[in-house]
Amino acid sequence: MKMVIFPLGCLLVILSSYVLRLTPNMAIMSLSATLLVASIYGERRYPVLRKFQWIFLGIFHYFSELNWCNMLYYMLIISMIQDKPRLTQTLPISLLLMLQYTLIRLSYVPVDTYALLVSLFDLLTSVVIIFLYHTLINSEVEKRRLREKNRFLTLHDPLTGLLNYEGYMEVLHKTVEEQRSFLLVLLNVNNFSGFKKESEDPWCTVITGTGQMISNHFTEAYGISRYAGDRFAVVLPEIQDVEERMSSLLSVQLQGLQVSYSISLYPEMSDSLQHFMTVAEDRLLQQQRSKWLKNEEEVFRSERLRAVGELAAGMAHEIRNPLTAIRGFLQLSRGQAFNIAPWYEVIMGEVTRVTDLTAEFLQFSKPHANHMKPEHLGHCLERVMSLTESDAASRGHQITLEMTNEPVVIIMDRDKIVQVLINLIRNAFEAMTDPGEVHMDLLQDGDAVLISITDTGSGIPENSLSTIFNPFYTTKEEGTGLGLALCQKIVQDHNGKITVHSEMGVGSTFTLHLPMET
């Protein structure tokens with residue numbers, strides 16, 4: 001703009017001077033004007049010419065004696081201050097140039113009050129121009145800064161400073177438009193366990209740290225994006241060692257995080273960008289699913305080993321007590337010529353206890369034998385009643401049965417269900433120290449059958465309800481602690497469940513939930 005307007009202004013003044021013929025020193029005036037125009041056109045190549053422009057303008061003004069030169073002074077002021085952002089740098093230059101203009105002007109006009117007021121006005125005008133110039137410049141700078149900031153916020157994630165999804169898509173489209181092949185690495189952070197737990201906001205800390213590590217690891221990336229919460233996308237040039245670098249990133253910098261990733265090459269996998277992205281996302285989902293299944297398998301294996309360990313420990317503890325008693329009585333018999341007659345009954349009782357415990361443990365731990373077939377549940381309950389009525393009478397208890405008149409058929413192993421019900425009823429008998437009542441009820445609930453056994457015993461403490469089905473948990477002096485655990489396993493083998501509700505001093509209710517035959 002300056003290269004056009006400033007010389008045109010000079011030429012306008014020169015032409016007006018020729019037309020008006022105001023000075024006899026036309027040669028000097030023309031030379032100075034020519035030098036001024038030449039310095040403007042040549043200042044880019046020879047910056048030193050800027051230092052002489054005010055001299056050329058002053059000579060031209062002095063010999064032309066034209067007040068119109070103030071326009072050239074204003075243009076020169078703008079030219080000289082455009083690369084100086086601070087007011088303290090531009091205001092002195094403006095005042096000095098306008099002072100030059102004023103002194104030259106006063107040399108060819110009468111010095112009176114009017115001339116002095118005009119000169120003062122020119123000085124004030126230069127100050128106003130400077131302030132307006134800085135106001136406009138600062139306004140444009142602020143607008144440009146806000147535009148850049150808004151664009152940054154539009155395309156970047158505020159937490160990590162990486163590209164967001166929109167910025168990620170812009171990089172992909174730009175790379176495709178440039179007809180460049182690229183690698184797309186997608187990463188998904190599955191969990192944050194064991195990573196900077198001391199932080200007040202571990203999620204933000206992990207996400208920020210992960211983004212920084214990925215950025216440091218792939219400095220040559222066309223773009224790195226964080227999107228969908230815990231996913232990262234890295235657009236890379238086609239490099240050969242990407243697998244090795246990913247392994248290094250996961251094993252060293254992202255150690256402690258479970259990260260699934262996929263690597264896709266464009267355009268080898270698909271010519272369409274949309275289809276390529278779909279394929280890349282699908283590959284990532286497959287990796288996540290594979291890792292999830294592997295983790296589930298590890299958890300199941302760990303739980304199974306823990307359960308086996310608990311069973312083995314419980315079994316060893318339960319067997320050790322009778323074996324210790326048997327050993328003690330045998331040692332006593334040594335002092336009586338190995339006569340075990342006084343302790344025979346006790347020893348046989350302990351042997352029987354070990355035998356029963358071993359039988360229950362084997363029944364609990366062995367795979368379920370498949371003797372399932374459709375059976376009438378009413379017949380099963382009637383058999384249970386016939387097997388427990390005499391025991392109830394001998395203890396002074398009363399047992400009752402209530403069930404629907406409609407036949408209820410389920411697929412079951414009849415002997416196993418009978419075993420469960422008898423075990424629960426005998427537990428109910430033992431829970432009632434005084435003569436009480438046990439009520440067995442059968443009803444339908446949609447596609448399920450509910451069998452409930454309610455007693456009027458002392459009840460089960462609330463803190464024990466969550467542990468009564470654990471193997472070897474018992475409150476009885478002679479119990480093995482495998483009864484309820486075995487009942488639960490049998491019911492689960494029938495695709496059902498067993499629940500318990502108890503109130504201290506009121507009684508307990510055990511309920512079997514079994515699916516009906518469809």
Side-chain angles (χ1 to χ4, degrees), residues 142 144-175 182-239 241-266 273 276-292 294-296 298-299:
E142 184 66 19
R144 185 167 58 252
R145 189 184 66 82
L146 288 175
R147 284 195 298 267
E148 293 174 353
K149 183 178 180 181
N150 289 337
R151 177 171 174 77
F152 181 88
L153 293 176
T154 301
L155 301 179
H156 290 76
D157 170 47
L159 179 61
T160 61
L162 302 176
L163 296 172
N164 57 17
Y165 186 77
E166 186 174 345
Y168 161 45
M169 294 302 299
E170 184 174 292
V171 169
L172 285 180
H173 285 290
K174 181 180 179 181
T175 308
F182 62 88
L183 290 169
L184 178 60
V185 182
L186 300 180
L187 301 94
N188 186 80
V189 183
N190 298 315
N191 79 322
F192 309 131
S193 58
F195 193 88
K196 295 186 178 180
K197 290 184 177 180
E198 70 277 4
S199 173
E200 294 181 359
D201 193 347
W203 185 84
C204 290
T205 301
V206 170
I207 286 294
T208 305
T210 302
Q212 185 62 47
M213 292 175 189
I214 294 174
S215 299
N216 294 339
H217 203 73
F218 295 108
T219 55
E220 72 275 46
Y222 297 147
I224 301 176
S225 167
R226 176 219 168 197
Y227 68 102
D230 51 6
R231 286 192 179 185
F232 294 87
V234 185
V235 184
L236 291 167
E238 190 174 350
I239 54 180
D241 60 343
V242 63
E243 286 284 0
E244 292 79 3
R245 292 175 66 175
M246 282 301 303
S247 299
S248 173
L249 175 66
L250 298 181
S251 61
V252 178
Q253 294 179 301
L254 299 183
Q255 188 177 14
L257 292 176
Q258 292 184 9
V259 180
S260 303
Y261 72 93
S262 67
I263 302 175
S264 306
L265 176 62
Y266 181 90
L273 179 60
F276 170 74
M277 292 180 61
T278 302
V279 172
E281 291 285 351
D282 286 343
R283 294 184 69 180
L284 178 62
L285 289 176
Q286 289 297 328
Q287 290 290 332
Q288 287 180 254
R289 183 175 181 275
S290 176
K291 182 162 288 190
W292 181 82
K294 184 177 180 181
N295 291 340
E296 287 295 308
E298 289 293 328
V299 170

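- Across P237 and A221, no two heavy atoms sit closer than the pair CD-CA, 4.5 Å.
- Side-chain contact check for M246 versus L187: some heavy-atom pair is nearer than 4.5 Å.
- In terms of heavy atoms, E281 sits closest to R231 at OE1-NH1, 2.5 Å.
- For the pair L265 and F182, the tightest heavy-atom approach, listed with the atom from each and the gap, is CD1-O, 3.4 Å.
- For E148 and R151, the salt-bridge test fails: no basic side-chain N is under 4.0 Å from an acidic carboxylate O.
- Note on ring orientation: taking the six-membered ring where Trp is involved, the planes of F276 and Y266 are perpendicular (angle over 60°, cut-offs 30° and 60°).
- L163 places none of its side-chain heavy atoms less than 4.5 Å from the side chain of Y227.
- Rounded to the nearest 0.5 angstrom, S262 OG and L186 CG are separated by 4.0 Å.
- The line from CD1 of I224 to OG1 of T160 is 10.0 Å long, rounded to the nearest 0.5 Å.
- Between R283 and I263 the shortest heavy-atom distance is NH1-O, 2.9 Å.
- Contact annotation: the side chain of Q212 approaches that of N216 to within less than 4.5 Å [non-hydrogen atoms, C-beta and beyond].
- Rounded to the nearest 0.5 Å, atoms CG (D157) and OH (Y168) are 14.5 Å apart.
- Annotation: side chain of V235 is not in contact with side chain of F218 (no heavy-atom distance under 4.5 Å).
- Judged purely by atom type and a 3.5 angstrom limit, S248 has no side-chain atom pairing as donor or acceptor with the backbone of E244.
- The distance from atom CD of E142 to atom CZ of R147, rounded to the nearest 0.5 Å, is 10.5 Å.
- Pairing each heavy atom of Y261 with each of Q287, the nearest pair is O-CG, 3.3 Å.
- Atom OH of Y165 has 12 or fewer heavy atoms from other residues, nucleotides or ligands within 6.0 Å.
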**Request:** Would you sort out whether I214 and R226 count as a side chain to side chain contact (heavy atoms under 4.5 Å, CB included), showing the intermediate values?
**Result:** CA-CA 11 Å; I214 294 174; R226 176 219 168 197; over 6 Å; no
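- Atom CG of L236 and atom OG1 of T219 lie 9.5 Å apart (nearest 0.5 Å).
- Note that CG of N164 and OG1 of T154 are 8.0 Å apart. Values are rounded to the nearest 0.5 Å.
- In terms of heavy atoms, L162 sits closest to G211 at CD1-CA, 3.8 Å.
- Side-chain contact between I239 and E220 is present, with heavy atoms from C-beta onward closer than 4.5 Å.
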